[in-house]
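To keep things clear, I will list the structure first and then write my remarks on it.
These numbers were taken from a predicted model, which means no experiment stands behind them. A note on names: the letters A, B, ... follow the listed sequences, proteins ahead of strands, and every chain is numbered from 1.
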There are 2 protein chains.
Amino acid sequence: MSLKYIVLGMLRKPHSGYDIKKHFEKSLENFWRAELSQIYPLLGKMQDDGLVTSKAGASDIGPTRRVYKRTAKGGRELVSWLSDGPVVGTERIAYLAQVYFLADLECDSSAIAFMQELRDYMSDWLHSLEATQNEWRSNDPRYPDELPEEDFYAQLTLDMGLNKVRTNVEWCDHAIARIRARERRRSVRIV
Amino acid sequence: MSLKYIVLGMLRKPHSGYDIKKHFEKSLENFWRAELSQIYPLLGKMQDDGLVTSKAGASDIGPTRRVYKRTAKGGRELVSWLSDGPVVGTERIAYLAQVYFLADLECDSSAIAFMQELRDYMSDWLHSLEATQNEWRSNDPRYPDELPEEDFYAQLTLDMGLNKVRTNVEWCDHAIARIRARERRRSVRIV
DNA sequence: GTTTACATGTAATCAGTTACATGATTAC
DNA sequence: GTAATCATGTAACTGATTACATGTAAAC
């Protein structure tokens with residue numbers, strides 16, 4: 001149910017379906033993804049519902065593009081989504097479900113390998129977010145608190161991502177240490 | 001794709017579809033949810049695929065229950081899911097998408113109200129996780145690091161939840177303070 | 001010439017939600 | 001008697017993924 005509103009949000013300025021996909025890849029990929037095969041039919045439906053209008057036009061490069069604009073009705077729908085308050089309690093975190101059942105591996109070193117892989121993923125993610133932050137900071141002296149509204153709120157989500165992923169790395173390290181400590185205590189008992 | 005494996009994980013001990021739903025509500029609701037209308041057909045399909053077997057039996061209370069058991073093949077599928085490493089990059093966090101577009105509210109106090117509502121939700125969530133932790137700690141002297149394997153890993157996910165939600169509350173507080181500071185700077189400029 | 005990026009879409013399938021239908025047992 | 005909990009399911013629909021199909025233009 002959220003994708004429609006996210007697309008409306010992106011259409012603050014006119015964009016093609018392809019542009020919207022690029023926008024997902026550039027900025028929102030950390031908390032939402034969508035494929036072109038979902039975006040194109042959705043844009044068609046949104047046009048039927050009067051939330052957007054479109055115009056086909058030649059592109060400088062490549063084939064003709066269809067560019068979508070948000071209508072006043074579309075703008076109101078977006079505002080009403082935001083005004084209804086945060087959409088919470090719908091997240092699904094598959095890797096936590098895996099951690100929950102890690103005992104079924106019946107092998108400490110496999111469990112540690114799992115946690116280590118998770119740690120590496122989070123660590124890579126952290127570095128890529130830090131790179132984004134550094135680039136932004138060095139390209140715009142207003143970063144972060146003097147940015148224009150739109151960029152300020154986008155920056156808030158980046159900040160949230162940094163916090164989250166940093167916490168995750170630390171938690172993985174801590175978890176690995178605790179699994180190792182259990183392993184040691186067990187081997188002592190056997191000896 | 002994960003639900004099948006989560007159900008296999010829960011079937012370490014035999015359970016009915018109804019039990020599985022209870023298990024979701026009790027322990028996994030913080031990172032995965034499933035409705036009975038999804039669970040029942042899935043159990044049927046898993047039985048067709050030889051991952052579980054079932055037996056109908058009378059219940060002490062209420063109507064007859066169908067109890068499912070994980071087969072050896074089911075156990076192997078679970079282990080292979082865990083061995084393939086963490087399933088990452090699939091999360092969708094709707095409230096972050098909302099924060100990203102909060103500028104479209106064109107009103108600081110609405111944006112602050114949004115963030116405040118998010119903060120309250122996270123704070124309530126934190127308190128409920130802390131309550132779970134306190135209860136567990138006072139009921140089992142082995143908590144957390146001397147718990148049996150299964151409980152230890154379940155505990156790890158609780159620990160992760162506590163970390164995450166705590167970070168979220170702090171981030172919301174920080175974000176609200178920054179939005180307020182922007183607001184003040186703007187009003188000074190107007191005066 | 002071949003790969004990459006641009007650009008738009010459809011079809012089939014899978015995953016998940018909401019609504020509906022049924023009925024037993026227990027607690028108040 | 002009536003509400004809550006136990007218990008199992010189906011049907012219709014919405015949301016999301018994977019695979020397929022088509023073609024242009026630029027870069028190497």
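- Picking from dG15(D), dT8(C), dT17(C) the nucleotide with the shortest atom distance to the side chain of Tyr18(A) gives dT8(C).
- For the OP1/OP2 pair of dT8(C) and a distance below 4.0 Å, the side-chain nitrogens and oxygens of Ser16(A) include at least one atom meeting the criterion.
- Rounded to a whole Å, the CD atom of Glu91(B) is 13 Å from the P atom of dT17(D).
- Evaluated for a side-chain contact (heavy atoms from CB on, under 4.5 Å) with Pro86(A), the options Met122(B), Glu117(B), Arg119(B), Met115(B) yield exactly one hit, Glu117(B).
- Listed by residue number, there are no residues of residues 2-9 of chain B with a heavy-atom contact under 4.0 Å to DNA chain D.
- Counting only distance, with no hydrogens or angles, the side chain of Thr132(B) and the backbone of Ser128(B) share a donor-acceptor pair below 3.5 Å.
- Both tests do not hold together for Arg65(A) against Tyr18(A): distance to the six-membered ring centre under 6.0 Å, angle to the ring axis within 45°.
- Mapping Val67(B) and Arg92(B) onto DNA chain D via the closest heavy atom, the residue that lands nearer the 5' end is Val67(B).
- Counting only distance, with no hydrogens or angles, the side chain of Asn134(A) and the backbone of Glu130(A) share a donor-acceptor pair below 3.5 Å.
- Shown here, dC28(C) forms a base pair with dG1(D); the pair counts as Watson-Crick or G-U wobble because both key distances fall under 3.5 Å.
- The stretch residues 21-47 of chain B touches DNA chain D through Lys22(B), Leu36(B), Ser37(B), Tyr40(B), each having a heavy atom under 4.0 angstrom from the strand.
- The shortest heavy-atom contact between Met10(B) and Ile20(B) is SD-CG2, 3.6 Å.
- Put simply, the side chain of Asp159(A) never gets that close to the backbone of Leu156(A): no donor and acceptor are under 3.5 Å apart.
- Side-chain N/O atoms of Arg66(B) include none lying less than 4.0 angstrom from OP1 or OP2 on dT8(D).
- Remark: C1' of dT8(C) and NZ of Lys55(A) are 19 Å apart, rounded to the nearest angstrom.
- Taking the centre and axis of the six-membered ring of Phe152(A), the NZ or CZ atom of Arg182(B) falls inside the cone set by 45° and 6.0 Å.
- Counting heavy-atom neighbours within 6.0 Å of His23(B) NE2, excluding the residue itself, gives a total above 12.
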